[in-house]
J.: 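Pasting in a structure now, in C-alpha cells, and then I'll have a few things to ask.
Values below: all heavy atoms of this structure, side chains included; hydrogens, waters and symmetry mates excluded.
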Amino acid sequence: MIKKMSIKTKFGWISAYENNGKIFKVKFGKLKKQIKSPILENFNKSLHKFIHKKNHFLKARYKLSGNQIQKKIWLELKKIKKGQTKSYGEIAKKYNLSPRHVGKICSQNKLLLIIPCHRVIRADGSLGGFSSIGGVKLKKKLLKFEGVFI
DNA sequence: TACAACTCCGCTG
DNA sequence: CAGCGGAGTTGTA
C-alpha cells in the first residue's frame with residue numbers, strides 16, 4: 001500500500017510517497033488525495049527541522065531505486081553539506097563518468113531534498129539545470145536559502 | 001541510435 | 001582577455 005502526503009514549506013508544496021515504511025519518492029507539488037502514515041508524519045517533522053537550519057541533511061528512511069552507478073552518484077551527492085556545492089565535472093572525474101551523464105543522473109533523482117541534487121552546479125559557477133524537477137528558479141532559491149551565494 | 005541539468009580548448013574580436 | 005562554438009564523453013531510453 002502506497003501512502004502519500006503533501007507538506008507546505010516556504011519553497012512551496014512538497015509531496016512524499018511511502019511504501020513499506022520507506023520513502024521512495026519526494027517531489028514538488030501538491031497532491032489532491034493524501035493517505036498519511038506515521039512514517040510520513042515523521043518525514044514532515046524532519047523536513048521542517050531541515051528547513052529551519054537545524055540539520056545538514058534530511059533524515060528519513062528511504063529507498064533508492066536505480067542501478068549501481070546512480071546509487072553511487074546519489075550517495076556522493078548526499079555527502080555535500082548545506083551551503084556547499086560541487087560541480088558536475090568534479091563528481092564525473094571521481095567516478096570516471098562524463099559530466100553530462102552526471103547531470104542526467106541528477107535529473108533522475110526522485111528523492112528531492114533527501115538527495116540534494118540542487119547543490120550540484122556547473123564548473124564555471126552558473127547553475128546548470130534543474131528543469132526536470134522544479135525549475136532553475138527553485139534551485140536558486142534553495143541554494144540561496146542554504147547560504148550559497150550565486 | 002540519439003540524447004543529456006557539462007567541460008575543455010581553440011579561435012575570433 | 002572575454003566570449004563563442006564545436007567536439008568529446010558515456011549511461012539510458
J.: What residues from residues 104-115 of chain A pass a heavy-atom cutoff of under 4.0 Å to DNA chain B?
T.: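 Per residue number, the list reads A/C106, A/S107.
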J.: Just to verify, what does A/I69 make a side chain to side chain contact (heavy atoms under 4.5 Å, CB included) with, not counting sequence neighbours?
T.: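 Side chain to side chain contact (heavy atoms under 4.5 Å, CB included) check on A/I69 returns A/N67, A/I73, A/L97, A/I105.
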J.: Rounded off to whole Å, could you give me the CD1-to-C1' distance for the A/I91 and C/dG11 pair?
T.: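 It works out to 16 Å between those atoms.
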J.: Using whole Å, report how far CD1 of A/I73 lies from C1' of C/dT9.
T.: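 Going from CD1 in A/I73 over to C1' in C/dT9 covers 14 Å.
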J.: Quick one: list whatever passes side chain to side chain contact (heavy atoms under 4.5 Å, CB included) with A/I39, sequence neighbours left out.
T.: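 Testing A/I39 for side chain to side chain contact (heavy atoms under 4.5 Å, CB included), a comparison that skips the adjacent residues, returns A/E18, A/I23, A/S37.
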J.: Other hydrophobic cluster members with A/I35, side-chain heavy atoms of Ile/Leu/Val/Met/Phe/Trp/Tyr under 4.5 Å, chained?
T.: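 Besides A/I35, the cluster holds A/M1.
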J.: Dot-bracket, 5' to 3', for DNA chain C please: Watson-Crick or G-U pairs under 3.5 Å, [ ] where pairs cross earlier ones, | where the partner sits on another strand, dots elsewhere.
T.: ||||||||.||||
J.: By the salt bridge (charged side-chain N to carboxylate O under 4.0 Å, His left out) test, which pairs, at least two apart or in different chains, include something from residues 19-41 of chain A?
T.: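 Every pair satisfying salt bridge (charged side-chain N to carboxylate O under 4.0 Å, His left out) with a residue in residues 19-41 of chain A: there are none.
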J.: The test is side chain to side chain contact (heavy atoms under 4.5 Å, CB included); show your working for A/L64 and A/L111 and say whether it passes.
T.: CA-CA 8 Å; A/L64 236 48; A/L111 296 168; 3.4 Å; yes
J.: Could you tell me how far apart A/Q70 (CD) and B/dA4 (C1') are, to the nearest whole angstrom?
T.: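 Atom CD in A/Q70 sits about 13 Å away from atom C1' in B/dA4.
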J.: Tell me, please, which residues at least two apart from A/K59 pass salt bridge (Lys or Arg N to Asp or Glu O under 4.0 Å).
T.: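 Counting only residues at least two positions away or on another chain, A/K59 forms no salt bridge (Lys or Arg N to Asp or Glu O under 4.0 Å).
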J.: Please identify each residue that fulfils salt bridge (Lys or Arg N to Asp or Glu O under 4.0 Å) with A/E146, with sequence neighbours left out.
T.: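 By the salt bridge (Lys or Arg N to Asp or Glu O under 4.0 Å) rule, A/E146 matches A/R119.
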J.: Test of understanding: with side-chain hydrogen bond (donor to acceptor under 3.5 Å, both in side chains), list the residues that count as partners of A/T85, not counting sequence neighbours.
T.: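 Expected list: none.
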J.: In whole Å, what is the span from the CD1 atom of A/I69 to the C1' atom of C/dA13?
T.: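 That distance rounds to 15 Å.
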J.: Taking A/K139 for its side chain and A/G129 for its backbone only, find out whether a donor-acceptor pair lies under 3.5 Å.
T.: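 Indeed, once roles are kept as given, a pair shorter than 3.5 Å links the two residues.
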J.: Between B/dA5 atom C1' and A/F28 atom CZ, what is the distance in whole Å?
T.: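 Interatomic distance, CZ of A/F28 to C1' of B/dA5: 15 Å.
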J.: Sugar-phosphate atoms are those with a prime plus P, OP1 and OP2; base atoms are the rest. Using that split, label each nucleotide of nucleotides 6-13 of chain B B, S or - for protein heavy atoms under 4.0 Å, 5' to 3'.
T.: BS------
J.: Quick one: which residue pairs count as a salt bridge (charged side-chain N to carboxylate O under 4.0 Å, His left out) with a foot in residues 79-89 of chain A, not counting sequence neighbours?
T.: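 Listed by first then second residue: A/E76-A/K79, A/E76-A/K86.
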J.: Not counting sequence neighbours, which residues clear ring pair (Phe, Tyr, Trp, His ring centres under 6.0 Å) with A/F11? List them please.
T.: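 Ring pair (Phe, Tyr, Trp, His ring centres under 6.0 Å) check on A/F11 returns A/F145.
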